[in-house]
Amino acid sequence: SDFTKALEINPQRAEIYVVRGDVWKELNRYVPAIADYTQAIQLEPDLAEAYLNRGDVWDEKGNFERAIADYTKAIEKKQNFPEAFNNRGLAWQKKGDPTRAIADYTKAVELNPEFSEAYFNRGNAWDEKEDMERAIEDFTKAAELDPRFSEAYLNRGNAWNQKGDYDLAIADYTKAL
């Protein structure tokens with residue numbers, strides 16, 4: 001492949017391992033993806049994106065502890081990294097800790113106030129904690145930032161439905177279509 005040829009020419013380029021790892025990840029070939037991200041980290045230990053992407057693979061494999069460890073390492077390497085905070089929040093949430101997830105989503109939106117996915121994820125965490133008001137606020141913000149974010153309308157509709165505000169729920173379900 002072109003990646004292999006590029007690595008033959010310059011085997012010390014960490015970025016090539018990251019990009020090839022990304023392709024492996026897209027193909028759901030997790031073992032070679034992890035190997036490539038690990039090689040990138042060995043070559044360039046401060047490459048936050050390699051930790052982030054390896055964390056994503058651990059997350060997809062259901063190994064949330066390792067995912068959280070890699071996201072944390074990515075944040076140590078690059079403190080203003082909203083994607084790492086968001087993804088670590090998702091891993092915390094999957095581990096059953098919505099409180100820690102909310103803290104990470106909050107940091108993500110502080111770093112990037114236009115990060116609709118982080119508002120959406122925080123809305124889901126508030127929903128999990130049965131705080132429908134805050135969930136609705138975050139789903140609303142996600143939809144404002146990305147008016148075509150149908151899942152934000154769907155989840156806000158679910159929150160309205162749980163509160164017994166059926167007209168608002170129906171309006172949101174209709175927008176989600």
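- A donor-acceptor pair is defined here as one N or O able to donate and one able to accept, closer than 3.5 Å; such a pair exists between the side chain of Y105 and the backbone of L90.
- Counting heavy atoms from C-beta outward, R156 and K175 have side chains that approach closer than 4.5 Å.
- Residues A67 and A91 share a closest heavy-atom pair of CB-CB, 4.5 Å.
- In the hydrophobic clustering of ILVMFWY residues, with side-chain heavy atoms under 4.5 Å counting as a link, F149 and F139 come out together.
- Annotation for Y119 and P113: closest pair CE1-O, 3.3 Å, computed over non-hydrogen atoms.
- When the side chains of ILVMFWY residues are joined at heavy-atom separations under 4.5 Å, either directly or via intervening members, L43 and V18 end up in two distinct hydrophobic clusters.
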Item to complete: Just do the side chain to side chain contact (heavy atoms under 4.5 Å, CB included) check on E15 and E44 with the steps written out, would you?
Response: CA-CA 9 Å; E15 297 83 12; E44 200 173 318; 3.4 Å; yes
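- With hydrogens and angles disregarded, a donor-acceptor distance shorter than 3.5 Å links the side chain of N63 to the backbone of R66.
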Worksheet entry | Candidate pair E49 and K78, rule side chain to side chain contact (heavy atoms under 4.5 Å, CB included), full reasoning | CA-CA 9 Å; E49 288 75 10; K78 182 177 170 184; 2.9 Å; yes
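- Within 6.0 Å of CG in D167 there are 12 or fewer heavy atoms belonging to other residues, nucleotides or ligands.
- Residues A135 and D127 approach most closely at CB-N, 3.8 Å, considering heavy atoms.
- Using modelled atom types, one side-chain atom of N121 and one backbone atom of E117 make a donor-acceptor pair closer than 3.5 Å.
- Salt bridge status for E137 with R134: absent, with no side-chain N to carboxylate O gap under 4.0 Å.
- If you take OH on Y51 and CG on D46, they are separated by 7.5 Å, rounding to the nearest 0.5 Å.
- Cluster annotation: F64 and F85 are assigned to distinct hydrophobic clusters (Ile/Leu/Val/Met/Phe/Trp/Tyr, side-chain heavy-atom contacts under 4.5 Å, transitive).
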Worksheet entry | Test side chain to side chain contact (heavy atoms under 4.5 Å, CB included) applied to K141 and V109, step by step | CA-CA 11 Å; K141 185 68 174 175; V109 298; over 6 Å; no
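- Looking at every heavy atom in both residues, A101 comes nearest to W92 through N-CB, 3.8 Å.
- Criterion: ILVMFWY side-chain heavy atoms under 4.5 Å apart, direct or through other members. Under it, L47 and W58 are part of a common hydrophobic cluster.
- When every heavy atom of A40 is checked against every heavy atom of Y17, the shortest pair comes out as CB-CB, 3.9 Å.
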Practice prompt. Step by step, work out the side chain to side chain contact (heavy atoms under 4.5 Å, CB included) result for T106 and E110.
Written response: CA-CA 6 Å; T106 299; E110 286 171 4; 3.5 Å; yes
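- Using a 3.5 Å distance cut-off with no hydrogens or angles, the side chains of Y30 and N28 do pair a donor with an acceptor.
- Between atom OG1 of residue T38 and atom CG of residue D70 there is a gap of 7.5 Å, rounded to the nearest 0.5 Å.
- One distance of note links CG of L111 with CD1 of I75; it measures 9.0 Å at 0.5 Å rounding.
- When atom types are taken as modelled, the side chain of Y37 and the backbone of D22 share a donor-acceptor pair closer than 3.5 angstrom.
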